[in-house]
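Comments concern the structure below.
Reckoned from all heavy atoms, side chains included, excluding hydrogens, waters and symmetry mates. For reference, positions follow the sequence shown, starting with 1.
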Amino acid sequence: MQLIQKTADLSAYLAADEVIDHHHPVLRETAARLWAGVDDSYGYARAAYEFVRDAIPHSADADDPRVTWRASDVLESRTGICHAKAHALAALLRAEDIPTALCYQRLAHDGGGHAVHGLVAVRFRGAWHRQDPRGNKPGVDARFSLDGERLAWVPDPRSNEMDYPVLYAEPHPVVLGALRAAPDRAHLWTTLPTAL
């Protein structure tokens, strides 16, 4: 699949905003700690990915009712659904000048129907590479990779699942609106967008 930058200016994929608040002290402290154990930006990107994937439980897996959406809140609360975890990873990567985009899939939802799933894409070696920090569990084995995707799920077109090729510099407004409006995860599960 050909990934398409929504914004031609690469600097947009390094920007901070209300959601990807990479200047927040908790982001800066976490980034510094992750950098301490690596030699280069590739090693940092892998360490940041593994930190978000493994140290921040997906709220559905942990049965955590809280809804987070701002990157710093995800790190402080140590919880989030796929979208929130993607925001946290994007912030950690952008904090160290690694261009990072938000991207999406449409997948079958556990409760029936479909839901939009959030991931990121990082820019290395002159190309974008999608990564899924959702968190592993039985049946899910996502890995950081620049040599072929190792995502949590591969969409099944026969089930009306799909990859969206657009790379966003900011969270999609429909996704962000659902996250911000949800008082808890149970409510969010009923309001997550089914398509973009």
Side-chain angles (χ1 to χ4, degrees), residues 6 15-31 48-49 51-95 100-121 130-140 142 151-153 155 159-164 166-196:
K6 181 171 175 54
D17 59 25
E18 181 186 15
V19 178
I20 303 172
D21 56 341
H22 63 70
H23 297 302
H24 190 283
V26 71
L27 265 297
R28 299 304 318 157
E29 291 163 14
T30 304
Y49 169 83
F51 171 78
V52 173
R53 182 193 66 189
D54 300 340
I56 301 172
H58 188 288
S59 58
D61 297 346
D63 198 25
D64 190 325
R66 297 174 292 168
V67 175
T68 54
W69 51 269
R70 183 179 291 116
S72 57
D73 292 340
V74 174
L75 293 186
E76 288 176 331
S77 300
R78 287 287 201 269
T79 191
I81 68 164
C82 59
H83 301 289
K85 291 181 68 160
H87 299 165
L89 180 55
L92 285 170
L93 295 172
R94 289 183 186 186
T100 307
L102 299 167
C103 47
Y104 303 94
Q105 296 175 316
R106 180 179 194 250
L107 300 172
H109 194 280
D110 292 341
H114 291 85
V116 173
H117 174 62
L119 349 114
V120 304
R130 293 189 307 164
Q131 314 294 327
D132 191 341
R134 180 238 178 262
N136 290 337
K137 63 180 187 172
V140 176
L151 305 178
W153 293 285
S159 299
N160 291 321
E161 296 181 335
M162 67 179 290
D163 285 310
Y164 291 103
V166 177
L167 301 175
Y168 295 88
E170 300 171 344
H172 193 286
V174 173
V175 170
L176 184 57
L179 289 168
R180 291 177 78 158
D184 57 37
R185 188 175 42 80
H187 178 83
L188 179 62
W189 254 217
T190 67
T191 59
L192 274 174
T194 59
L196 295 182

task: Show the numbers, then the answer: is there a salt bridge (charged side-chain N to carboxylate O under 4.0 Å, His left out) between D63 and R185?
output: CA-CA 9 Å; D63 198 25; R185 188 175 42 80; 3.1 Å; yes

Locate the shortest heavy-atom distance separating [X] from [Y]; write the atom from each residue and the value.
| X | Y | result |
| --- | --- | --- |
| K85 | R53 | NZ-O, 3.2 Å |
| A152 | R134 | CB-CD, 4.4 Å |
| M162 | P155 | N-CB, 3.5 Å |
| H22 | A91 | CB-O, 3.2 Å |
| L176 | P171 | CB-CB, 4.2 Å |
| A48 | L92 | CB-CB, 4.2 Å |

Do [X] and [Y] touch side chain to side chain, with heavy atoms closer than 4.5 Å?
| X | Y | answer |
| --- | --- | --- |
| H114 | L107 | no |
| V19 | E170 | no |
| R130 | Q105 | yes |
| V67 | L179 | yes |
| T79 | V74 | no |
| K6 | L167 | no |
| Y164 | R106 | yes |

- request: Apply side chain to side chain contact (heavy atoms under 4.5 Å, CB included) to the pair F51 and L75, showing each step before the final yes or no.
  value: CA-CA 10 Å; F51 171 78; L75 293 186; 3.7 Å; yes

If you measure from [atom1] on [X] to [atom2] on [Y], what distance do you get to the nearest 0.5 Å?
| X | Y | atom1 | atom2 | answer |
| --- | --- | --- | --- | --- |
| L27 | R70 | CG | CZ | 11.5 Å |
| D64 | I56 | CG | CD1 | 12.0 Å |
| I81 | W69 | CD1 | CH2 | 13.5 Å |
| S72 | E29 | OG | CD | 11.5 Å |
| L192 | L188 | CG | CG | 4.0 Å |

message: For Y104 and Y168, take the angle between the two ring planes, folded into 0 to 90°, and tell me which bin it lands in: parallel under 30, tilted 30 to 60, perpendicular over 60.
response: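 Judged by the thresholds at 30° and 60°, the geometry between Y104 and Y168 is perpendicular.
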
Donor-acceptor contact below 3.5 Å, side chain [X] vs main chain [Y]:
| X | Y | value |
| --- | --- | --- |
| E161 | A108 | yes |
| H87 | T68 | no |
| R66 | G80 | no |
| D184 | H187 | yes |

Full working for side-chain hydrogen bond (donor to acceptor under 3.5 Å, both in side chains) between H117 and D132: CA-CA 10 Å; H117 174 62; D132 191 341; 2.7 Å; yes

- request: Could you check D21 against D73 for side chain to side chain contact (heavy atoms under 4.5 Å, CB included), going step by step and ending with a plain yes or no?
  value: CA-CA 10 Å; D21 56 341; D73 292 340; over 6 Å; no

task: Evaluate the side chain to side chain contact (heavy atoms under 4.5 Å, CB included) criterion for residues V175 and L102: first the C-alpha distance (whole Å), next the side-chain angles of each, then the deciding distance (0.1 Å), finally the verdict.
output: CA-CA 11 Å; V175 170; L102 299 167; over 6 Å; no

- request: Please test Q131 against L119 for side chain to side chain contact (heavy atoms under 4.5 Å, CB included), starting from the C-alpha separation and ending with a verdict.
  value: CA-CA 6 Å; Q131 314 294 327; L119 349 114; over 6 Å; no

